[in-house]
Amino acid sequence: MRLGVMQPYFFPYLGHFALIANCDKWVVFDVTQYTPKSWMTRNRILHPVQGWNYISVPLNNSSISIRTHEARISSFSDLQKSIEGKMSHYRKRAPYYSEVMKLVDAVFCIPTDSLVQLDVKALQAVCNYIEIPFNYVVASALDLDWGSVQHAGGWAPLISAGLGADQYINPIGGQSIFKEEDFFSKGVRLQFI
């Protein structure tokens, strides 16, 4: 089984989906310290005139003292209205405006106060749209000994072994944090794409 593990980003970049497409199972990595003002709670779209327009998920408890799975959205309905408002500038200009708004509607069809649930719904909606399978588990729901991790790159070998993966796939940018011997000792092959 090929496994991929990444934090839950809010409508993530293309590489995220390339990685999902190359995995048999995806782990939504939500057990580490939450990072405020990260791609977990924001994204950007082109501003109608110049530069970028950020869309952000406001939280009740945005703090480095919580774990990612503890992050709570302050107002789900206000968030949806804000995103729809920022995107409405493109109604007459963007050729795929209707399709994108259907994706946004799919993400916001069932209210939640969980940032992780919102981000997972966004992943699922985009995967459905681009027709790639999204077989996932959420790390905080796994029964693993998180205390045994000694360094930042130690999470992936632990999760891979715990889920019975024989291959771990990561973006090429992550080469510096992983030690191949950590994977090899657990019978897992490390691959970068």
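Under the 4.5 Å side-chain heavy-atom criterion for ILVMFWY residues, no single connected hydrophobic cluster contains both I64 and Y34. A single hydrophobic cluster is not seen to contain both V120 and L142; linkage of ILVMFWY side chains at heavy-atom distances under 4.5 Å, directly or through other members, places them apart. Put simply, V138 and L163 are part of two different groups of oily side chains (I, L, V, M, F, W, Y) that touch within less than 4.5 Å, one to the next. In the hydrophobic cluster analysis, where Ile, Leu, Val, Met, Phe, Trp and Tyr join through side-chain heavy atoms closer than 4.5 angstrom, M6 is grouped apart from V27. Grouping the Ile, Leu, Val, Met, Phe, Trp and Tyr side chains by contacts below 4.5 angstrom, directly or via other members, places V116 with L19.
For the atom pair Y9 OH and L123 CG, the distance stands at 11.0 Å (nearest 0.5 Å). Rounded to the nearest 0.5 angstrom, S77 OG and Q80 CD are separated by 8.0 Å. Atom-to-atom distance recorded for I177:CD1 and D182:CG is 11.0 Å, nearest 0.5 angstrom. Put simply, OG on S65 and CD on E70 are 8.5 Å apart, with the number rounded to the nearest 0.5 Å. Put simply, SG on C127 and CG on N135 are 11.0 Å apart, with the number rounded to the nearest 0.5 Å. Within the model, atoms CG of L118 and OG1 of T112 stand 7.5 Å from one another, a figure rounded to the nearest 0.5 Å.
Residues M87 and I45 share a closest heavy-atom pair of CG-CD1, 3.9 Å. For V107 against A125, the heavy-atom pair with the smallest separation is CG2-CB, 3.9 Å. When every heavy atom of I66 is checked against every heavy atom of N61, the shortest pair comes out as CD1-O, 3.2 Å. Taking all atoms of both residues into account, the shortest heavy-atom contact from A156 to Y168 is CB-CZ, 3.5 Å. For V188 against A165, the heavy-atom pair with the smallest separation is CG2-O, 3.4 Å. Taking both residues in full, the closest heavy atoms of V28 and P8 are given as CG1-CB, 3.6 Å, listed atom of the first, atom of the second, then distance.
For the pair Q124 and Y136, the minimum side-chain heavy-atom distance is below 4.5 Å. S114 places a side-chain heavy atom less than 4.5 Å from the side chain of R72. Two residues are said to be in side-chain contact when any heavy atoms from C-beta on lie closer than 4.5 Å; L190 and F184 fail this criterion. Between S88 and R91, the closest side-chain pair of non-hydrogen atoms falls below 4.5 Å. Side chains of L158 and W146 form a contact here, defined as non-hydrogen atoms less than 4.5 Å apart. Under the 4.5 Å side-chain criterion, counting only non-hydrogen atoms from C-beta, I193 is in contact with N22. Proximity of E84 to D105: side-chain heavy atoms (C-beta onward) are separated by under 4.5 Å at one or more points. Contact annotation: the side chain of L3 never approaches that of Q167 to less than 4.5 Å [non-hydrogen atoms, C-beta and beyond].
Proximity of a side-chain donor or acceptor of D113 to a complementary backbone N or O of I73 within less than 3.5 Å is not detected. A donor-acceptor contact shorter than 3.5 Å is absent between the side chain of S82 and the backbone of D78. The backbone N or O of V31 sits nowhere less than 3.5 Å from a side-chain atom of T68 that would complete a donor-acceptor pair. A donor-acceptor pair under 3.5 Å is formed between the side chain of S148 and the backbone N or O of D145. Put simply, the side chain of S38 gets close to the backbone of M40: a donor and an acceptor are under 3.5 Å apart.
Aromatic rings of H16 and W39 (six-membered ring for Trp) have centroids beyond the 6.0 Å cut-off, not under it. In summary, the aromatic rings of F29 and W155 are positioned with their centroids under 6.0 Å apart.
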Next on the checklist: Could you go through D166 and R189, starting from their C-alpha distance and side-chain angles, then the distance that decides it, and tell me whether this counts as side chain to side chain contact (heavy atoms under 4.5 Å, CB included)?
Outcome noted: CA-CA 6 Å; D166 56 10; R189 186 167 56 102; over 6 Å; no
Next on the checklist: As a quick check of understanding, evaluate side chain to side chain contact (heavy atoms under 4.5 Å, CB included) for T41 and F10, giving each step before the final call.
Outcome noted: CA-CA 6 Å; T41 56; F10 184 59; 5.9 Å; no
Item to check | Intermediate values then yes/no, side chain to side chain contact (heavy atoms under 4.5 Å, CB included), S74 and L59 | outcome: CA-CA 5 Å; S74 61; L59 300 180; 5.9 Å; no
Next on the checklist: Apply side chain to side chain contact (heavy atoms under 4.5 Å, CB included) to residues T32 and Q7 and explain how you reach the verdict.
Outcome noted: CA-CA 9 Å; T32 57; Q7 291 177 317; 3.7 Å; yes
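For the salt bridge (Lys or Arg N to Asp or Glu O under 4.0 Å) test, residues two or more places apart in sequence or in another chain that qualify with D24 are R2.
When N43, I83, L79 are each tested for a side chain to side chain contact (heavy atoms under 4.5 Å, CB included) with V57, only one passes: L79.
Open room surrounds CD on Q50; 12 or fewer heavy atoms of other groups in view lie less than 6.0 Å from it. Counting non-hydrogen atoms of neighbouring residues, nucleotides and ligands closer than 6.0 angstrom, the CD atom of E131 reaches no more than 12 such neighbours. When the shell of 6.0 Å around CD1 of I110 is examined, it contains 12 or fewer heavy atoms from other residues, nucleotides or ligands.
The ring pair (Phe, Tyr, Trp, His ring centres under 6.0 Å) pairs that include a residue from residues 95-129 are F76-F108, where partners are two or more places apart or lie in different chains.
The aromatic rings of F178 and F192 lie tilted to each other, with the angle between the two planes from 30° to 60°.
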